[in-house]
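This report refers to the structure that appears directly beneath it.
All ligand and atom numbering here is 1-based and tracks the order in the structure. Along the sequence shown, the residues carry numbers beginning at 1. Computation of the quantities below employed the complete heavy-atom set of this structure, encompassing side-chain atoms and omitting hydrogens, waters and symmetry-equivalent molecules.
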Amino acid sequence: MRPTIGVGVIGFGWMGQAHSRSYLRIPTLFPERTYDPRLVICADSVAARREEAVGSFGFPAATEDWRQVVAHPDVDVVVVAAPNMLHEQLCVAAADAGKHLFCEKPVGGTPEQTVRIAAAARRAGVVTGVGYNYRWVPLVLHARELIGAGRLGDITNYRGRFFSMYGSDPLGLLSWRFLQDQAGYGVSSDILSHTVDLAHLLVGPIASVVGTRETFIRQRPRAQPGEGSHYATGRPDDPVGEVTNEDYAGALVVFANGARGAFECSRSMVGPESQMAFEIYGTKGSIAWNLEQLNELQIYLADDDGGWPRGYTTVYGGDRYPFHGHFVPGDANSIGFEDVVTIEDFAFLTSVAAGEQHEPGMEAALDYVSFQDAWLRSCDSGAWESVTRLGHGGSR
Ligand SMILES: NC(=O)c1ccc[n+]([C@@H]2O[C@H](COP(=O)([O-])OP(=O)(O)OC[C@H]3O[C@@H](n4cnc5c(N)ncnc54)[C@H](O)[C@@H]3O)[C@@H](O)[C@H]2O)c1
């Protein structure tokens with residue numbers, strides 16, 4: 001008999017539901033697991049979502065009051081998938097109650113909040129996980145292995161982008177993501193966090209940054225709480241409200257190892273639909289990956305055979321790469337976004353079961369907000385700014 005890990009979920013929108021589906025199917029996908037996840041209780045402020053949690057997902061209970069999740073004796077792990085500015089209150093309460101904590105990125109709405117959440121988790125000694133799910137894409141893990149084995153030589157430069165169209169329609173609803181008091185920062189928290197996290201994983205820490213930001217669509221139709229998703233649209237005659245955080249974030253960076261990098265993220269451009277992508281260049285080769293082709297990696301290795309003509313090779317995902325075979329056997333049978341979330345959740349609960357700190361956890365969250373803090377300073381000063389480590393052992 002495996003021990004049970006009781007899970008309580010706060011926020012039952014896109015990601016709360018995605019994680020809940022993951023916990024339900026971990027037993028069917030991971031025979032080597034050392035535990036069995038059990039859904040215990042879910043909190044959401046919208047009644048229809050609570051009904052769905054109980055009626056369709058099999059949560060024994062759902063509540064409007066997230067405190068009941070944190071206080072529930074059968075909950076071992078609290079999963080925070082609510083809007084970012086609620087994260088601090090939820091995460092600190094969960095840690096203080098001694099619950100292990102999985103929080104969606106960016107953890108908090110501001111760097112200061114992230115620092116306080118990380119401090120609470122450290123004080124409580126709980127295992128933490130952070131929703132940097134793209135780390136768990138099998139082909140990204142393979143890219144990391146190739147880089148670690150020196151196949152690209154010395155890394156010289158890195159380009160990361162997250163171009164999403166979720167805010168490209170001016171009639172896109174003014175949901176929480178577009179409001180500083182509910183989301184905290186805009187794309188720098190929402191999607192630049194993923195882009196920089198992958199750069200941290202694949203290249204290493206960033207020493208300095210010069211940044212720029214802009215809000216291109218400044219008014220949007222007002223949304224009702226819990227209405228649709230951030231892809232939902234309103235009507236031209238709906239009352240409008242002001243967008244209060246950034247649509248676009250750009251940065252040039254110098255990594256601590258001397259490599260150079262460029263990042264761009266946008267939610268309002270027209271064309272690229274979900275280009276969470278990177279290109280990484282070294283003295284002996286390069287690799288490119290793009291979420292829009294999650295199951296493909298482009299690889300160029302200069303020492304492959306030395307013959308001409310040469311060019312990038314497309315490598316298809318398959319069961320020879322980490323975790324892929326848990327979902328589908330063979331080569332080029334595709335996996336998708338939620339499969340990656342399931343790998344992420346399996347790995348986090350494995351750390352919880354072992355009582356070991358997880359990676360990525362709060363340290364990875366602090367790595368990102370330390371970068372974000374310097375990026376924000378640079379957006380204001382217009383100058384290059386040094387990245388100073390926030391949090392434990394850092395300057396704040
Ligand atoms: N890792 C990823 O790929 C990824 C993708 C999307 C979102 N996210 C993150 O996940 C989190 C949630 O984003 P989402 O897209 O799922 O948002 P969403 O709007 O789809 O869902 C948020 C849910 O929280 C609920 N909620 C609001 N206030 C609440 C409260 N006081 N108590 C309980 N529930 C409350 C809302 O009713 C809604 O159902 C954010 O931190 C976001 O940055 C991560």
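- Under a 4.0 Å criterion applied to the non-hydrogen atoms of Asn84, ligand 1 contributes the atoms 40 (C), 41 (O), 42 (C), 43 (O).
- Under the 3.5 Å distance criterion, with hydrogens and angles disregarded, a donor-acceptor pair is assigned to the side chains of Gln357 and Thr128.
- Under the 3.5 Å distance criterion, with hydrogens and angles disregarded, a donor-acceptor pair is assigned to the side chains of Thr314 and Gln298.
- Nearest to atom 3 (O) of ligand 1 by heavy atom, out of Asn133, Leu291, Val80, is Asn133.
- Against a heavy-atom cut-off of under 4.0 Å, Gly131 is close to the following atoms of ligand 1: 1 (N).
- One option in Glu104, Met85, His87 has a heavy atom closer to atom 44 (C) of ligand 1 than any other, and that option is Glu104.
- For the side chain to side chain contact (heavy atoms under 4.5 Å, CB included) criterion with Met276, the lone passing option out of Leu198, Ile191, Leu294 is Leu198.
- Under a 4.0 Å N-O distance rule, the pair Asp380/Arg377 does not qualify as a salt bridge.
- Salt-bridge check for Asp190 with Lys105: passed, with a basic side-chain N closer than 4.0 Å to an acidic carboxylate O.
- By the criterion of a heavy-atom distance under 4.0 Å, the backbone of Ala81, and not its side chain, is placed next to ligand 1.
- Shortest non-hydrogen contact noted between Glu242 and Leu179 is O-CD2, 3.6 Å.
- Using a 4.0 Å cut-off between charged side-chain N and carboxylate O, Arg159 and Glu279 make a salt bridge.
- The ligand atoms of ligand 1 that sit less than 4.0 angstrom from a heavy atom of Leu86 are 28 (N), 29 (C), 30 (C), 31 (N).
- Within the listing of ligand 1, atoms 37 (O) sit less than 4.0 angstrom from a heavy atom of Val46.
- Among Arg177, Arg49, Gln17, the residue whose heavy atom lies nearest to atom 7 (C) of ligand 1 is Arg177.
- The closest approach between any non-hydrogen atom of His194 and ligand 1 is below 4.0 Å.
- Side chains of Gln372 and Ser189: a donor-acceptor N/O pair is present below 3.5 angstrom, by distance only.
- Looking at Asp247 and Arg213, no side-chain N of the basic residue comes within less than 4.0 Å of a carboxylate O on the acidic one, giving no salt bridge.
- Crowding of Arg33 atom CZ: a count of heavy atoms from other residues, nucleotides or ligands under 6.0 Å exceeding 12.
- For ligand 1, none of its N or O atoms has an N or O atom of Trp66 under 3.5 Å away.
- Across the listed options Met15, Gln89, Lys105, Lys105 owns the non-hydrogen atom lying nearest to atom 43 (O) of ligand 1.
- For ligand 1, the atoms lying closer than 4.0 Å to a non-hydrogen atom of Phe337 are 3 (O).
- Atom numbering of ligand 1 starts at 1 in the shown order; those under 4.0 Å from a heavy atom of Ala82 are 11 (C), 12 (C), 24 (O), 40 (C), 41 (O).
- Assignment of Tyr132 to the shell around ligand 1 is not supported, since no heavy atom sits closer than 4.0 Å.
- In terms of polar-atom proximity, defined here as any N/O pair under 3.5 Å, Glu64 makes no such contact with ligand 1.
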